S.K.: 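Have a look at this one.
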Protein chains: 2
Amino acid sequence: MELQEAKDKFIHTWGTLATQWGINRTMSQIHALLLLAPEALNADQIMAELQISRGNVNMNLRDLMSWGLIFKQLLPGERKEYFVAEKDIWKVARQIAKERRRREIEPIKGTMEEIQNELVPDTEEKKEVLKIIQEISQVTNFADSTVDSLLKSKESWLISSFLKLFNH
Amino acid sequence: MELQEAKDKFIHTWGTLATQWGINRTMSQIHALLLLAPEALNADQIMAELQISRGNVNMNLRDLMSWGLIFKQLLPGERKEYFVAEKDIWKVARQIAKERRRREIEPIKGTMEEIQNELVPDTEEKKEVLKIIQEISQVTNFADSTVDSLLKSKESWLISSFLKLFNH
DNA sequence: TTGAATTTTCAAAATATTCTGAAAGTATTT
DNA sequence: AAATACTTTCAGAATATTTTGAAAATTCAA
């Protein structure tokens, strides 16, 4: 397999996967492209590489920055803005988990709590409904706090590795 | 809050969340409706409740069955088919995780392995690309096996309480 | 300043996804 | 075997999402 073929295959697979997860295809393709790029790229290069419009590139670059997955890089003597991806994949995973939790898990927790606080269990059916909702809350909280713990332990693992560097 | 209002709010929130996760809105609304229903429902009842067409109901009921989230129930003396949701929420979570892994994680693993097997690291850039791809494989495998082991039993609830202890 | 280079915005177009409903298919009863 | 009850299919319609590209805004050098 040649380099370009491998890159294309990766970018394509990444984009397809993203679609299934409710993430815009172009956004993930740009992300994949930057992950594999040996140096920072500018908008024109991304346009050319993925054959997409300037507006589309701009929009998705901003989205990726808001997810904390890529960063602007200003090269000396260049007016164009360049972009690099965070290449530490653990950080990437952590960042994605953090963002999705903020954007998706937290709102559903809110609704569940609202119903639990305001629905009075004065009939059998209301009790049943509350039971289901409570169980969903439990699973959600469990998933949430598990992800949280794992991310925190990875973080502290990274920090401790980092600190060790200075103890040598 | 009244029962119907609570149900509607839950069904609506569930549908919205699903959209963000790349799952069809109607499918999750039917799932939510059946989760809260005290007894099995038939196609006509679902059509009336959610104001959607027969074709749509039929299609999504079959999808939900293929996910293992609902089951057909034949009531004696009834010609219509009735449907009930799996109400053990831990089973539901496990089932969803299992299906998503089968449909989404496994294909990406395949592509990653293919590239790793066939891209010869004879240049610096190829080595870099392979490094990224290997790291993604690692994270994917980690996430995959973590979810797997966590969902395998209700006892995992204990583990999470346990983990929390160490993060305080 | 001015103007060229670059980025951002956003209405309209293109594309993708979901939904409808009537027709075809299947099963059951009479 | 015909009528009835119900389920499934799928082409076209409706809806939602994404993309384009040209105009407006911004930035920066001269």
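Note that the coordinates shown come from a computational prediction; the quantities given were computed from them, not determined experimentally.
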S.K.: Given atom CG of B:Leu75 and atom C1' of D:dA5, what is their separation to the nearest angstrom?
M.R.: 16 Å
S.K.: Please tell me which of A:Ile23 and B:Asp44 maps to the more 5' nucleotide of DNA chain D, matching each residue to the nucleotide holding its nearest heavy atom.
M.R.: B:Asp44
S.K.: Please give, in whole Å, the distance from C:dA16 P to A:Gln20 CD?
M.R.: 16 Å
S.K.: Do B:Asn117 and B:Glu113 have side-chain N/O donor and acceptor atoms under 3.5 Å apart?
M.R.: no
S.K.: Please tell me whether A:Asn58 and A:Arg62 have a donor and an acceptor in their side chains that are separated by less than 3.5 angstrom.
M.R.: yes
S.K.: Between A:Arg100 and B:Trp21, is NZ or CZ placed under 6.0 angstrom from the six-membered ring centre and within 45° of the ring axis?
M.R.: yes
S.K.: Quickly work out the B:Ile46 CD1 to D:dC6 C1' distance and round it to whole Å.
M.R.: 14 Å
S.K.: Name the residue closer to the 5' end of DNA chain C, choosing between A:Lys80 and A:Thr19 according to the nucleotide with the nearest heavy atom.
M.R.: A:Lys80
S.K.: Treat each ILVMFWY residue as a node, draw an edge where side-chain heavy atoms are under 4.5 Å apart, and state whether A:Met1 and A:Leu35 are in one component.
M.R.: yes
S.K.: Is the distance from OP1 or OP2 of D:dT18 to the nearest side-chain N or O of A:Thr26 less than 4.0 Å?
M.R.: no
S.K.: Looking only at side-chain atoms of B:Glu81, point me to the closest of C:dT20, C:dT7, D:dT7.
M.R.: D:dT7
S.K.: Do B:Ile108 and A:Leu36 share a hydrophobic cluster, counting only Ile, Leu, Val, Met, Phe, Trp and Tyr and linking them when any side-chain heavy atoms are less than 4.5 Å apart?
M.R.: yes
S.K.: Determine the sole option in B:Leu41, B:Val84, B:Leu69 for which the side chain to side chain contact (heavy atoms under 4.5 Å, CB included) test with B:Leu34 is passed.
M.R.: B:Leu41
S.K.: Give the rounded distance in Å between these two atoms: CD1 of B:Ile52 and C1' of D:dA14.
M.R.: 15 Å
S.K.: Could you state the atom-to-atom distance from CG of A:Asn24 to P of D:dA16 in whole Å?
M.R.: 18 Å
S.K.: The side chain of A:Arg79 is closest to which nucleotide in this list: D:dA29, C:dC19, D:dT19?
M.R.: D:dA29
S.K.: Between A:Met47 (CE) and C:dT6 (P), how many Å, whole number?
M.R.: 13 Å
S.K.: Could you identify which residues of residues 54-74 of chain A place a heavy atom less than 4.0 Å from some atom of DNA chain C, listed by residue number, or say none?
M.R.: A:Arg54, A:Gly55, A:Asn58, A:Arg62
S.K.: Is any side-chain heavy atom of B:Glu125 less than 4.5 Å from a side-chain heavy atom of A:Leu3?
M.R.: yes
S.K.: Could you check how far CD of B:Glu78 sits from P of C:dT29, rounded to whole Å?
M.R.: 12 Å
